[in-house]
Amino acid sequence: MVLAGETILPVPGAARRPADPARAVAELERERPRWVWADAREDYPPLLSAGVRLSRCHDLALTEGLLLAAEGRYGEPRSARAAHARLRGLPVPDEQPSAPGTLFAPEPLAAEAVAEVLAGQLARIDALPDPGRFRLLVAAESAGALIAAEMGHDGMPWRRDEHDALLSELLGPRPVHGMRPARLQALADEVSAAFGHPVNPDSVRQLVKAFKGAGVAIESTRSWELKRIDHPAVAPLLAYKELARLHSFHGWTWADQWVRGGRFRPEYVAGGVVSGRWATSGGGALQIPKVMRRVVRADEGWTLVVADAAQLEPRVLAAMAGDVGLARAAGEIDLYSALAQSFGGERDNAKIAMLSAMYGGTSGDAPKLLAMMRQRFPQAYRFVEDAAKAGEEGRLVRSWLGRTSPPPSERWKEIVSGPDGGRAARDRGRFTRNFVVQATAAEWALALMAVLRGLLPDPARLVFFQHDEVIVHCPLDQAEQVIGAVSGAAAEATRLLFGRTPVRFPMEAVAVDCYADAK
DNA sequence: GGAGCGGGCGCC
DNA sequence: AAAGGGCGCCCGCTCC
């Protein structure tokens with residue numbers, strides 16, 4: 001095992017930091033070690049900039065977070081430094097992720113300390129209920145950290161000329177900074193005209209007041225509520241809201257900040273969501289509107305291989321719960337169609353039933369459909385009900401590989417024991433109900449990416465990941481190989497998590513020139 | 001004039 | 001038709 005971090009121990013006897021760390025790392029990488037480092041988010045980008053890529057790692061910070069949660073110590077500082085202080089019984093430093101270039105960056109953790117923390121973590125993993133699964137979780141989470149850094153480094157192809165054309169088409173030409181684009185101003189004027197006085201369409205308060213003055217009582221300005229209203233201001237207002245969002249979230253200013261050299265480079269945060277999903281800390285890569293997909297185009301002579309897992313969450317539920325009936329339906333490509341006959345012949349009913357079971361839905365037809373689910377698929381039904389019950393009682397739940405939900409807050413405990421505790425309890429029940437499914441789906445997706453990354457031929461690159469969807473950018477002549485790698489990776493991820501299961505996890509990939517053409 | 005929060009809505 | 005999980009982000013607005 002080779003230890004790395006900020007501190008690098010290349011070979012025994014050479015305990016000093018080498019003159020050219022990146023080169024030393026690159027040489028050692030030929031042995032394909034599992035690198036151990038404090039925090040890939042900080043340690044990997046400099047290596048990537050130096051042209052070095054690593055195949056495997058153990059990320060102490062991410063692992064510490066997983067372990068603390070599993071041990072019921074969620075919320076304690078999870079940095080390698082903090083973990084080391086806990087081991088030594090020293091004061092634990094506060095969580096302070098130092099931004100790159102921080103003036104007072106802490107001294108790097110010594111290699112000996114890294115080794116100590118690692119040994120401590122491996123021992124703690126052995127003490128868990130299912131160390132084998134947890135080790136897989138740690139490996140997948142760590143691989144995710146590598147991939148997140150690489151995707152941030154490589155960036156997703158983003159054509160600024162197409163982006164500008166799209167914005168101009170929808171909003172009018174780029175305005176002077178701080179001004180509304182022409183189309184937005186025209187819509188705002190229409191809204192004001194409809195009320196007969198100036199109204200700021202960005203102000204909820206002004207809108208509610210204006211509608212009230214026009215004799216229309218509304219609770220909110222949510223678009224579904226506005227759509228039920230008959231008033232001339234509604235149409236321009238809805239159009240305004242949609243375009244204003246595009247302008248402020250993914251407009252010219254956004255592109256100035258996030259797009260360089262034909263690449264959109266967001267900052268992904270592996271494990272940034274409690275469920276294990278990724279988050280972003282800038283750039284909003286996980287909320288790019290579908291209309292923007294036409295802006296994502298492969299380089300000349302290259303292609304985009306776009307792949308998404310079909311109905312991932314219900315399949316995960318079927319596999320976890322070991323529900324034979326649901327697993328049989330999940331052996332089909334379209335799971336909901338396969339379920340339709342169990343829900344009165346309607347595919348939509350099957351979908352509502354499954355989503356309500358996984359999200360805790362109670363409105364509309366949900367109660368009726370859930371009753372049918374309880375009868376037809378008792379094991380799957382019980383699986384999510386048990387998770388909900390655990391949450392309502394303030395207990396913790398775990399994903400398939402052992403990611404543990406955060407505990408309820410002290411405030412929650414107060415409220416729940418009070419007179420109106422039912423609402424808070426049900427809210428938490430919905431959270432834990434969803435957690436077990438969402439977190440396991442995230443694990444499957446991480447495993448998929450980790451395997452896929454290892455199968456990609458150079459210079460193919462993962463350039464986008466969004467919960468259950470990946471994009472690989474590769475030369476045209478690698479398209480077929482990459483498409484094969486995707487389905488191979490999906491099968492391997494399924495095997496890694498669930499072993500032999502009748503549940504299928506279809507991951508169909510297509511090679512396209514433009515992201516918008518993928519669906 | 002900056003921090004913090006709720007509304008609203010994009011994605012899954 | 002309208003409500004159920006997870007996020008990030010911008011806006012208006014309040015408060016200090």
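In the text below, chain A, chain B and the rest are named by the order of the sequence lines, each starting its count at 1. The analysis underlying the following values was restricted to heavy atoms, covering all of them including side chains, and did not include hydrogens, waters or symmetry mates.
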Return whichever of A:Trp258 or A:Arg228 has its heavy-atom-nearest nucleotide of DNA chain C closer to the 5' end. A:Arg228
With sugar-phosphate meaning primed atoms plus P, OP1 and OP2, does A:Thr221 contact a base, only sugar-phosphate, or nothing at under 4.0 Å between heavy atoms? sugar-phosphate
Is A:Arg265 reaching over with its side chain to a backbone N or O of A:His153, donor-acceptor style, under 3.5 angstrom? yes
When we call it a touch if two heavy atoms are under 4.0 Å apart, what does A:Val274 touch: a base, just sugar-phosphate, or nothing? sugar-phosphate
Separation of C:dC10 atom P from A:His250 atom NE2, nearest Å, is 9 Å
Remember a base hit wins even if backbone is also touched, and classify A:Arg428 as base, sugar-phosphate or nothing at under 4.0 Å, heavy atoms. nothing
Need two values: the first and the last nucleotide of DNA chain B, 5' to 3', having an atom under 4.0 Å from any heavy-atom of chain A. B:dG7 to B:dC12
Given C:dC9, C:dG6, C:dG5, the nucleotide with the shortest approach to the side chain of A:Tyr359: C:dG5
Distance in angstrom units between A:Arg205 CZ and C:dT14 C1', rounded: 9 Å
Contact class for A:Phe431 vs. all strands (heavy atom < 4.0 Å): base, sugar-phosphate, or nothing? sugar-phosphate
Does either side chain, that of A:Arg398 or that of A:Thr404, offer a donor lying less than 3.5 Å from an acceptor on the other one? yes
Under 4.0 Å between any heavy atoms, over every strand shown, what does A:Arg245 touch: base, sugar-phosphate, or nothing? Just pick one. base
A:Gln311 versus A:Asp334, side-chain donor and acceptor atoms under 3.5 Å: yes
Would you say the side-chain atoms of A:Tyr240 and A:Arg183 include a donor-acceptor pair closer than 3.5 Å? no
A:Leu369 CG to C:dG4 C1', straight-line distance once rounded to whole Å: 14 Å
Rounded to whole angstrom units, what separation is found between the CZ atom of A:Arg423 and the P atom of C:dG4? 8 Å
Does B:dG4 have a Watson-Crick or wobble partner in any strand here, with both distances under 3.5 angstrom, and which is it? C:dC13
Measure from CG on A:Asp365 to C1' on C:dA1 and round the result to the nearest Å. 10 Å
Would you mind reading off the distance between A:Leu312 atom CG and C:dG6 atom C1', rounded to a whole angstrom? 14 Å
Distance in angstrom units between A:Leu246 CG and C:dC11 C1', rounded: 16 Å
Would you mind classifying the nucleic acid contact of A:Gln466 as base, sugar-phosphate or nothing, using non-hydrogen atoms under 4.0 angstrom? sugar-phosphate
Does any donor atom in the side chain of A:Ser399 or A:Glu443 lie under 3.5 Å from an acceptor atom in the other side chain? yes
For A:Ile288, answer base if it contacts any base atom (sugar-phosphate contacts may also be present), sugar-phosphate if it contacts only those atoms, and nothing otherwise; contact means non-hydrogen atoms under 4.0 Å. sugar-phosphate
Counting any heavy atom closer than 4.0 Å, what does A:Gly282 reach on the DNA or RNA strands: base, sugar-phosphate only, or nothing? sugar-phosphate
Below the 4.0 Å mark, does C:dG6 have OP1 or OP2 next to a side-chain nitrogen or oxygen of A:Arg430? no
Think A:Asn200 has a side-chain N or O under 4.0 angstrom from the OP1 or OP2 of C:dG12? yes
A:Tyr515 six-ring face occupied by A:Arg293 cation (under 6.0 Å, within 45°): yes
Respond yes when some side-chain nitrogen or oxygen of A:Arg433 is under 4.0 Å from OP1 or OP2 of C:dG5, and no when none is. no
Any side-chain N or O of A:Ser275 below 4.0 angstrom from OP1/OP2 of C:dG6? no
I want to check a possible cation-pi pair here: A:Arg133 against A:Trp400, using under 6.0 Å from ring centre and within 45° of the ring axis as the test. yes
Check the pair A:Asp513, A:Arg297 against salt bridge (Lys or Arg N to Asp or Glu O under 4.0 Å), reporting the backbone distance first and the verdict last. CA-CA 6 Å; A:Asp513 176 52; A:Arg297 288 178 183 275; 3.5 Å; yes
Rounded off to whole Å, could you give me the CZ-to-P distance for the A:Phe264 and C:dG8 pair? 14 Å
Any cation-pi pair here, A:Arg245 with A:Phe249, using under 6.0 Å and within 45°? yes
Give one of base, sugar-phosphate or nothing for A:Gly284, where a contact means two heavy atoms less than 4.0 Å apart. sugar-phosphate
A:Arg222 vs A:Ser248, nearer the 5' end of DNA chain C by closest nucleotide: A:Arg222
Which one, C:dC11, C:dG8, C:dG6, comes nearest to the side chain of A:Asp202? C:dC11
